[in-house]
Colleague: 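Okay, handing you the structure first.
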Amino acid sequence: MYLDLGSTYRSTAPAVTLKAEAAAEAGILTGGEFEPWLEMAAAETSRFSVNGFKVKALESADWGTVAAAVKKLQGTADKPVAYAVDRPDGTVYRIYTGPYASAAEALTAAGRVSQSLSGQLLGQKPSVRGPYYISAGLFGSRNEAESLAKTLNGQDIEAFAVMTGPRKYAVWIGGMSSVAEQATLQAELALTEPQLFLTPVDMVTPAILLHNDVSLALGAPNGAAHYELYGEGAKLMVRDNKDNSAIKVVERSERRYRGDFEISKVNGQLALVNVLPLEQYLYSVVSAEVPSSWPQEALKAQAVAARSYALYNAELNKYKVAGLVDTTLSQVYNGVDQEADSVVKAVESTAGEVLEVSGKVVEGLFSSNSGGVTADAAEVWSNVNPIYASVKSEGDESAQASLKSWYQILLDNGKTGYVREDNAKIAGTNAAGLELLTVTADNVNVRPLPLIQSDADPVAKLSPGDKAIVLSKVEESSSYAWIRGPYTSDQLSKSLKGKTAAEAPSPITSLEVTQRGTSGRVTQIKANGQVLDVKYPDSFRSALNGLPSTLFEIVPTGRYTVQGAGEATGSAASDAAVLSASGKTSLSGGSMVVLGADQTARVIDKSNAFLFVGRGNGHGLGLSQWGAKGMADAGYDYREILQHYYQNVTIVKE
């Protein structure tokens, strides 16, 4: 759930906040065995982090100064954690940022932090802290360790109470950034604190630094227990003590999760892994991937596909500390709150069932909607995989079942847009034979695309009685059929940057599909006659501004194709001359309407932009989720659905 593997996966947090519904315990994993060290009450808020290189941003007894500094840092890349530290003369607060992968990275961060907090530092200078400590003694109780730490902190010595085992405690001093600094600190302490038994801390032996965290509420310094894991390769496990209870992860939108949580350090950052049985994982995954209201046979098909995907990818060990991540990079997993009874039933009724070929689990790839036909593997990856051959997927149209159609209209000012059919009626035709539309509702938005977009301004607003010319009638954009754009040359050039082997031409004056695969998906595109050499065909989705699929047509807004005698075709632009009854006329002054043989019309303008009209959502390989829903509606069972979408597979119970 949190992990830093660079380009493979990166989701980081300085600390995570866990709340268990029932009483819970935390402890160290040693040789795969769990040893409980800590107890947490039901509903108690506990924070966890990993020790490493960090920046001490500032220290102050004034809570207002600290709260303002924390708030500023929360808006930067250097996320803060604030601790309340007891001293004989009262409480002070320390803010740290990080962790960072190295001392050098922390030093660079210290400069950023200094700039961010220029108004709060009051002469202090952010400094680097690291994993090198001096132990000041061992104790039989936490109170004894905290008492000594309080005394030392009162002498401006950074000291921490630490757990070194069940009911074992120590006091550590420092947090230096190098072995040399550690040795210097020990020499200085030997002179100023001769009564202490000083030894360098072993960096391998697991330990937990104990803090009073005041980062969560900036109105007042209300503390929460914070446990900072120490030790190279150390793993901390948090588990509750009651079956079917859950643990809430505040930083994951306060979602609740089954199972246990494993905390460790990977590449200098906190790694948080949810450990739970596969079938319980699927309760949430299937509910997140498809609506729980769908037919049982569709839910069962999704459960088998998702189980196969999970087992196949767990074996690859792509994420090192976990088999899967909780985003669409693997499968969407949102914990207990996403679960539904209908999905639990589907998962349990197919428990252990997976897709296999020659005794090996197959990946069970799936996508939202294949647009009426699934992809062949060569259209996605440029290589052949007989499991993923292209097949018809008529059930995909079920995504359109409850959606309205939209009219594409031409306004008096020459602008075009879309109006949903239930907000207007057809009222006659004009001299060119094009239908006329009359608006029947108040404040009707003319949308730039045939769907409601809260993040896009309407083209215009119409009132009852307003009229417009109908250019065409189209389906509402959905996972089955969609329209995107139009995108200008500048927008496409920006999106293509870094995604082609050779730099794409700019400006882009022509963009055409020059090759398609078995299912009709785009496998080659030329811009200004130059091949856009993406890494593999499915990359066109991200390269062209995030298109839903590669099953699309490109419609230039400034050009149109003319069908001549026989099979001959020609291309013309918005400034082309037109031969009319009154002679040759130039339309270079603005837009013009071109009427097609199918009685639909297009507006051709001078914008030199490109509209993408397509079907499907996702790579199109394997199971189409909407297609499975359509097949289930038609009476097919989950085995028939799976064997339609995956070729030559057997369904076995592992």
Colleague: Going from CD on E315 to CG on N313, what distance comes out if it is rounded to the nearest 0.5 angstrom?
Modeller: 10.0 Å
Colleague: Would you say the side chain of Q524 lies within less than 4.5 Å of the side chain of F540, judging by non-hydrogen atoms?
Modeller: no
Colleague: Minimum heavy-atom separation for I508 and F610, please, with both atom names.
Modeller: O-CE1, 3.9 Å
Colleague: Would S405 and E475 count as a side-chain hydrogen bond (donor to acceptor under 3.5 Å, both in side chains) here? Give the steps.
Modeller: CA-CA 5 Å; S405 293; E475 297 171 298; over 6 Å; no
Colleague: Tell me the closest heavy-atom pair linking G417 and V446, and the distance in Å.
Modeller: CA-CG1, 3.6 Å
Colleague: Any chance you could lay out the side-chain contact (heavy atoms from CB on, under 4.5 Å) test for V373 and S390, step after step, and finish with the verdict?
Modeller: CA-CA 7 Å; V373 58; S390 178; 3.2 Å; yes
Colleague: Can you tell me if CG on D412 sees more than 12 non-hydrogen neighbours from other groups inside 6.0 Å?
Modeller: no
Colleague: I'd like to know if E251 pairs up with K79 as an ion pair, taking the criterion as any Lys NZ or Arg NE/NH1/NH2 lying under 4.0 Å from an Asp or Glu carboxylate oxygen.
Modeller: no
Colleague: Could you go through Y257 and Y333, starting from their C-alpha distance and side-chain angles, then the distance that decides it, and tell me whether this counts as ring pair (Phe, Tyr, Trp, His ring centres under 6.0 Å)?
Modeller: CA-CA 10 Å; Y257 297 89; Y333 170 63; 5.6 Å; yes
Colleague: Is atom CD of E503 surrounded by more than 12 heavy atoms (other residues, nucleotides or ligands) closer than 6.0 Å?
Modeller: no
Colleague: Please check if atom CG in N383 has more than 12 non-hydrogen atoms from other residues, nucleotides or ligands closer than 6.0 Å.
Modeller: yes
Colleague: Thinking salt bridges, do K629 and D633 make one under a 4.0 Å N-O criterion?
Modeller: yes
Colleague: For E553, which of R521, R516, R484, R615 qualifies under salt bridge (Lys or Arg N to Asp or Glu O under 4.0 Å)?
Modeller: R516
Colleague: Can you give me the closest heavy-atom contact between A543 and V534, atom names plus distance?
Modeller: CB-CG1, 4.2 Å
Colleague: Could you tell me which non-hydrogen atom of P505 sits nearest to which non-hydrogen atom of N528, and how far apart they are?
Modeller: CB-ND2, 3.7 Å
Colleague: Pick out which of V419, L449, L471, I483 makes a side-chain contact (heavy atoms from CB on, under 4.5 Å) with Q408.
Modeller: L471
Colleague: Hey, what do you get for CG (L3) to OG1 (T12), rounding to the nearest 0.5 Å?
Modeller: 10.0 Å
Colleague: Verify whether one side chain among E379 and T523 offers a donor that lies under 3.5 Å from an acceptor in the other.
Modeller: no
Colleague: For L324 versus Y309, what's the shortest heavy-atom pair and its separation?
Modeller: CD2-CE2, 4.1 Å
Colleague: Step by step, would you call Y407 with Y418 a side-chain contact (heavy atoms from CB on, under 4.5 Å)?
Modeller: CA-CA 5 Å; Y407 293 111; Y418 296 86; over 6 Å; no
Colleague: Of all the heavy-atom pairs spanning M1 and S11, show the shortest one and how long it is.
Modeller: O-OG, 3.7 Å
Colleague: One thing to verify: whether E421 and K473 come together as a salt bridge, which I'm taking to mean a side-chain N less than 4.0 angstrom from a carboxylate O.
Modeller: yes
Colleague: Might you confirm whether atom CD of E640 has over 12 heavy atoms from other residues, nucleotides or ligands at distances under 6.0 Å?
Modeller: yes
Colleague: What's the separation between atom CD1 in I554 and atom CG in L511, rounded to the nearest 0.5 Å?
Modeller: 4.0 Å
Colleague: Give the C-alpha distance, both sets of side-chain angles, the deciding distance and a yes or no for side-chain contact (heavy atoms from CB on, under 4.5 Å) between L642 and L355.
Modeller: CA-CA 9 Å; L642 291 168; L355 304 167; 4.2 Å; yes
Colleague: Are D396 and S393 close enough, and set up right, to give a side-chain hydrogen bond (donor to acceptor under 3.5 Å, both in side chains), and what steps lead you there?
Modeller: CA-CA 6 Å; D396 288 326; S393 183; 2.8 Å; yes
Colleague: What's the separation between atom OG in S506 and atom NZ in K494, rounded to the nearest 0.5 Å?
Modeller: 13.0 Å
Colleague: For residues 282-292, run the donor-acceptor check on the side chains, cut-off 3.5 Å, and write out each pair with its distance to 0.1 Å, sequence neighbours left out.
Modeller:
from: Y283; atom 1: OH; to: E348; atom 2: OE2; distance (Å): 2.9
from: S284; atom 1: OG; to: N334; atom 2: N; distance (Å): 3.1
from: S284; atom 1: OG; to: G335; atom 2: N; distance (Å): 2.9
from: S284; atom 1: OG; to: G335; atom 2: O; distance (Å): 3.0
from: S287; atom 1: OG; to: Y283; atom 2: O; distance (Å): 2.9
from: S287; atom 1: OG; to: Q338; atom 2: O; distance (Å): 3.2
from: S287; atom 1: OG; to: A340; atom 2: N; distance (Å): 3.4
from: E289; atom 1: OE1; to: Q625; atom 2: NE2; distance (Å): 3.3
from: E289; atom 1: OE2; to: V332; atom 2: N; distance (Å): 3.3

Colleague: Are any of the side-chain heavy atoms of N430 and I469 separated by less than 4.5 Å?
Modeller: yes
Colleague: Relative to the ring of Y388, is the ring of Y646 parallel (under 30°), tilted (30 to 60°) or perpendicular (over 60°)?
Modeller: perpendicular
Colleague: Is the Y487 ring parallel, tilted or perpendicular to the F612 ring (thresholds 30°, 60°)?
Modeller: tilted
Colleague: Does T438 form a side-chain hydrogen bond (donor to acceptor under 3.5 Å, both in side chains) with K425? I'd like the steps, not just the answer.
Modeller: CA-CA 5 Å; T438 300; K425 65 179 181 180; over 6 Å; no
Colleague: Tell me whether the count of non-hydrogen atoms from other residues, nucleotides or ligands lying under 6.0 Å of NZ in K461 goes above 12.
Modeller: yes
Colleague: Considering the options S367, S370, S479, S478, which one meets the side-chain hydrogen bond (donor to acceptor under 3.5 Å, both in side chains) requirement together with W626?
Modeller: S479
Colleague: Roughly how far, to the nearest 0.5 Å, is the CD1 atom of I525 from the CG atom of L544?
Modeller: 5.0 Å
Colleague: Please say whether the positively charged group of R252, taken as NZ for Lys or CZ for Arg, lies over the ring of Y2, i.e. under 6.0 angstrom from the six-membered ring centre and within 45 degrees of the axis.
Modeller: yes
Colleague: Mark yes when over 12 heavy atoms from residues, nucleotides or ligands other than K499 sit less than 6.0 Å from its NZ; otherwise mark no.
Modeller: yes
Colleague: Do the side chains of K300 and S349 get nearer than 4.5 Å, heavy atoms only?
Modeller: yes
Colleague: Apply the test salt bridge (charged side-chain N to carboxylate O under 4.0 Å, His left out) to residues R10 and D4: give CA-CA distance (whole Å), side-chain angles for both, the deciding distance (0.1 Å), then the verdict.
Modeller: CA-CA 4 Å; R10 192 172 195 275; D4 187 359; 3.4 Å; yes
Colleague: Give a yes or no on this: more than 12 heavy atoms of other residues, nucleotides or ligands lie within 6.0 Å of atom CG of N648.
Modeller: no
Colleague: Between the side chain of H644 and the main-chain N/O of K392, is any donor-acceptor distance below 3.5 Å?
Modeller: yes
Colleague: Is D376 close to N385 at the side-chain level, that is, under 4.5 Å between some pair of heavy atoms?
Modeller: no
Colleague: Are side-chain heavy atoms of L365 and L623 found at a separation under 4.5 Å?
Modeller: no
Colleague: Using a strict threshold of under 4.0 Å (side-chain N to carboxylate O), is an ion pair present between D637 and R639?
Modeller: no
Colleague: In terms of side-chain geometry, is the basic nitrogen of D78 or R112 positioned less than 4.0 Å from the acidic oxygen of its partner?
Modeller: yes
Colleague: We want to know whether Q643 and Y636 form a side-chain donor-acceptor pair, criterion being a heavy-atom distance below 3.5 angstrom.
Modeller: no
Colleague: Would you compute the distance between atom CG of N369 and atom OG of S549 and round it to the nearest 0.5 angstrom?
Modeller: 8.5 Å
Colleague: Report the C-alpha separation of Y312 and V362 in whole Å, then their side-chain angles, then the decisive distance to 0.1 Å, and conclude whether the side-chain contact (heavy atoms from CB on, under 4.5 Å) test is met.
Modeller: CA-CA 6 Å; Y312 178 93; V362 303; 5.6 Å; no
